[in-house]
Amino acid sequence: MADDPFADIPGIEEDLARAEEHLTVRVERRTYNKPVTIVEGFDEEATDLQDVATKLKKKLGAGGTVNDGTVEIQGDHVDRVPDILEEMGFNVE
């Protein structure tokens with residue numbers, strides 16, 4: 001097999017892994033009827049969920065956490081989260 005022409009490009013493996021993931025975004029009501037935006041469908045081995053959560057929280061100006069392979073953001077951000085994730089290279093359904 002010939003040498004991979006893309007082998008020297010930094011981060012290409014991570015970008016390809018992100019493009020192959022199919023994420024879903026939904027809103028749940030939690031304690032005291034507070035909304036929480038849930039992002040699920042990550043490949044935990046290929047994606048740094050803490051990094052994704054940090055970037056989402058910073059762009060949205062909201063708190064959040066990583067829980068059981070999902071990213072949870074405080075508040076109803078279902079309109080903005082898919083666009084931010086697509087900018088980061090993810091495929092959002």
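We're numbering straight along the sequence, starting at 1. None of these values were measured; they are calculated from a predicted model.
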(request) Flag yes if Ile38 and Phe90 sit in one hydrophobic cluster, no otherwise; membership is Ile, Leu, Val, Met, Phe, Trp, Tyr, and two members link when side-chain heavy atoms are under 4.5 Å apart. (result) no

(request) Mark yes or no for whether Arg26, through its side chain, and Glu40, through its backbone, hold a donor-acceptor pair below 3.5 Å. (result) no

(message) Any non-hydrogen side-chain atom of Leu60 less than 4.5 Å from a side-chain atom of Ile84?
(response) yes

(request) Using side chain to side chain contact (heavy atoms under 4.5 Å, CB included) as the criterion, point out the one residue from Val66, Val52, Asp48, Thr70 that pairs with Phe42. (result) Val52

(request) With the side chain counted from C-beta on, respond yes when Arg29 and Pro35 share a heavy-atom pair under 4.5 Å apart, and no when they do not. (result) yes

(request) Starting at CD1 of Ile73, measure out to CZ of Arg80 and round the result to the nearest 0.5 Å. (result) 11.0 Å

(request) Kindly indicate whether the side chain of Val25, heavy atoms from C-beta on, has any atom under 4.5 Å from the side chain of Leu85. (result) yes

(message) Check whether Thr37 reaches the backbone of His77 with its side chain - one donor and one acceptor, N or O, closer than 3.5 Å.
(response) yes

(message) Can you confirm whether Lys57 is buried at NZ, in the sense that more than 12 heavy atoms of other residues, nucleotides or ligands lie under 6.0 Å from that atom?
(response) yes

(request) Would you check if Glu87 and Lys59 make a side-chain contact, meaning some heavy-atom pair closer than 4.5 Å? (result) yes

(request) Give a yes or no on whether Val92 and Val71 share a hydrophobic cluster (residues Ile, Leu, Val, Met, Phe, Trp, Tyr; joining criterion: side-chain heavy atoms under 4.5 Å apart). (result) yes

(message) Keeping Arg30 on the side-chain end and Lys34 on the backbone end, is there a donor-acceptor pair under 3.5 Å?
(response) no

(message) As an exercise, state the distance from CG of Asp83 to CE of Met88, rounded to the nearest 0.5 Å.
(response) 13.0 Å

